[in-house]
Amino acid sequence: MSKEKIVLLDGNSLAYRAFFALPLLTNDTGIHTNAIYGFTMMLQNILEEEKPTHILVAWDAGKTTFRHSTFSEYKGGRQKTPPELSEQFPYLRKLLDAFQISQYELDQYEADDIIGTLSKTGDAEGMEVVVISGDKDLTQLASDKTTVCITRKGITDLEKYTPAHVMDKYGLTPSQIIDMKGLMGDPSDNIPGVPGVGEKTAIKLLKEYGSVEKVYESLDKVSGKKLKENLTENEELAYMSKKLATIDVDAPITISIGNLSYPGPSEENVKAIYEELQFKTLLEKMSPETDSRPIEEIDVRIINDPESIELAEEMALHVEMMDENYLASEISGIGMTDGDNIIFIPFEVVIKSDKLKNWLQDEQKKKFTTDSKASYASLLRHGIEVNGIEFDLLLATYIANPSSTYTDVASVAKEFNYSDIQSDEVIYGKGAKKALPEEKILADHAGRKAQAVWKLKPALEGKLRDNEQFGLYRELEMPLAQILGKMETTGVKTDLGILRQIGIELSARLLELESIIYEMAGQKFNINSPKQLGEILFEKIGLTPIKKTKTGYSTAADVLEKLESEHEIISFILTYRQLGKLNSTYIEGLTKEIHEDGKIHTRFQQALTQTGRLSSINPNLQNIPIRLEEGRKIRAAFVPSEPGWVMFAADYSQIELRVLAHMSQDEKMISAFREDEDIHTKTAMDVFGVDKDGVSSDMRRTAKAVNFGIVYGISDYGLSQSLNITRKEAGKFIDTYLATFPGVKQYMEDIVSDAKLKGYVVTMMNRRRYLPDITSSNFNLRSFAERTAMNTPIQGTAADIIKKAMIDMDARLKEEGLQTRMLLQVHDELIFEAPEDEIEKLKQIVPEVMESALTLDVPLKVEWAYGLSWYETK
DNA sequence: TTCATCACG
DNA sequence: ACGTACGTGATGAAG
């Protein structure tokens, strides 16, 4: 039988919290809705996470409470509730009614007291109790069965106070929270407390004596003359304050827990209120699949005669597949439209139609697609090379705003107010129920997508032109899509024998390590479980936890490294982790991805990253190990696909710092790159004021870390973590660095203020990233946005450059008539496979093309290597 | 599904 | 005082 659980919410506190956390929103009728919206978000989260069997929202009643008779100025000096908030309360009440959640208020009592009383009762009845409020005072209610959740920043983030957490945070028991308030007071409630006693002193006193009463019993033992004096003179104030802060757990409430059971919301009533308030996103969330708006009927003709297809000069098309992995999925057919007629050509007809194939391959016939790379690669697998692609909905959307989440055509169409299209999930179902529907439905679905492309093209192209991004989209991303499609289709030959060999060795060593670790721990456990490992290390063995995560002790590598000298088990665990990672992710993971052709075909996501980089999935070939020799050996499995061929790799040296030198126009940095100096050594020389011979390896390491930090949008804390030094020391390094490179300092300041002004940053090729948080009043959000503002133009410009190089490289290989194939891109490097006899040529043209992809005020530098496997290209 | 961890640039 | 380095993807554990 499942346990009963009651959730008690402090209505006023949460409404206030929501009101101030969100900007003022209004609906068409002019009612403010931000508090209602925020409250609803919190509520939904809570209902989802806690799944209560019982629930109550408690409200404060009226102006005066029993506390005012103790102290007439209780809650004095409080600002009047803003009218923009007051007007929202009636709606909140209505909304809660619609949710079928009980509400209660009691004359002369505050919401706290109602909650306290019910939590005590619930606790006594053996229920699990969850209290939710924005007021930390309620933590005094925490017990074994009662968890108190206090809103943290934002609106849905809650901090959970159990007695253990209260102890962690204050070193006090929940009931001592009252004593703490008694001593220190609470300005927000106008509770006076003892003058001169703040949180620190209060906690110190309570740790020593236990309670306000005990403090006064042993007053003569209290150290500090002034403190003793203050305590003596304000004894009454302390007792009164304690009384004010104490939640009444025996309020004369007239409801019982039995009446509070939660039947779930009345969907109909909730929907009506959402509609009244115009909560669009919440409405959609309620019924994503039953969007009731009538979808416009369209007439999609299914073509069965291969030669009867009517093809225009310009057409929108969509290659329909069930699986998102277009490199493996079967094609169902192609939906097409010329703006008037919509047709669907089943795949078996496509294959038979020379007319269609010729049209697809004809450069002169213009195609508008949803995702040109997917269309291109999926048809290329069947020997059809699509040419003349003029529009790509996915890329256009991404360039216009990289944060737009493109899941399927429906989601994008919706954003442009074109909604006559359903999501793929609705058509195919999800999870185990995913299946191919009948052809008529598929035809309709694919036809609608083609129609959406046709209709959305003008708006998107207009937007890109307005933003001066049309060139980036049309001359960089679109040509690249085709090249990436080719690379994906080509794939990388993978030597299964080598993977197996490494796998066998790893398994043997893992088994050995496992038994050593069990022996040292004195028991068997799952080493891969951070939870179990944490218990062994920090409870059983008794090592000192250095860091904690949300769920328990951190056992991350940097933490374990600090503990290495404490216990010999640590180094075995670190090795076990390292090898385990290699085995599961790389040996087993990659083995599963080898296709029948003996190759791995990754897919490059071209419309995902916020900076303009590519990403690689199924599998990720951009994170194959290299830093440690043992992992690096994995690279030996990636080999040329033809006998007599070799792997050839070329990478940009320090491309991000070169971009920074150019963008910041810092003279010192520019000259360092022009002289082709070791940039980290040069940085060390300038920052530490020594000559070349005076640079120790430690100084160079520091300089390198600072350079990295600069690229990431430096913070003293971040640098201190990476160098394992104090924040203060890190801060000093940064100051010295910025004084040494004034151009960089100026650039960082300018880019942030520019981002604040415009709301976005740009790369050299006009790629944009919007940063709405840069003006946030929340320190964390704002700081993050500021670092992003500093980093994105650098990382993004580097991404622009290598993309341009890929396009130039593809053209050059054709021009030179070479057989060499581009296989992979790993952010600053390109991997090729090539016939041995083309190597001499590559040595010359690869660096030439890559270095001239874009002209900066510093040279770009490319280094290359080749060998019989990827491992050998070093 | 979410979290912690760890692989890469 | 706040709590962080920037950008990714895959895995196993655990709810």
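Naming: A, B, ... by sequence-line order, numbering from 1 per chain.
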Self-check item: Footprint string (nucleotides 7-15 of chain C, 5' to 3'): B base within contact, S backbone only, - free, heavy atoms under 4.0 Å
Solution: BSBBSSSS-

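- Residue contacts shown for A:A557 are limited to sugar-phosphate atoms, with no base heavy atom under 4.0 Å away.
- Considering only side-chain N and O atoms, A:R787 lies nowhere under 4.0 angstrom from the phosphate OP1 or OP2 of C:dT4.
- Here A:V826 lies in heavy-atom contact (under 4.0 Å) with sugar-phosphate atoms only.
- Using a 4.0 Å heavy-atom distance criterion, A:A705 is classed as a base contact.
- For A:N780, the listed nucleotide lying nearest its side chain is C:dC2; candidates were B:dA7, C:dC2, C:dC6.
- Considering only side-chain N and O atoms, A:R577 lies under 4.0 angstrom from the phosphate OP1 or OP2 of B:dC6.
- You'll find that the side chain of A:L719 is closest to C:dA5, out of B:dA7, B:dA4, C:dA5.
- Nucleotide C:dA1: unpaired (no Watson-Crick or G-U wobble partner with both distances less than 3.5 Å).
- Atoms NZ (A:K550) and C1' (C:dG3) sit 14 Å apart, rounded to a whole Å.
- Among the atoms of the strands shown, only primed sugar atoms or phosphate atoms (P, OP1, OP2) are found under 4.0 Å from some heavy atom of A:I624.
- In this entry the distance linking CD1 of A:I626 with C1' of B:dC6 reads 16 Å, nearest Å.
- Between B:dT5 and C:dC2, the two C1' atoms lie 26 Å apart (nearest whole Å).
- In this entry the distance linking CZ of A:R782 with C1' of C:dC2 reads 10 Å, nearest Å.
- Here C:dC6 presents its P atom at 17 Å from CG of A:N707, a figure rounded to the nearest Å.
- Comparing the P positions of C:dA5 and B:dC6 gives a spacing of 14 Å, expressed to the nearest Å.
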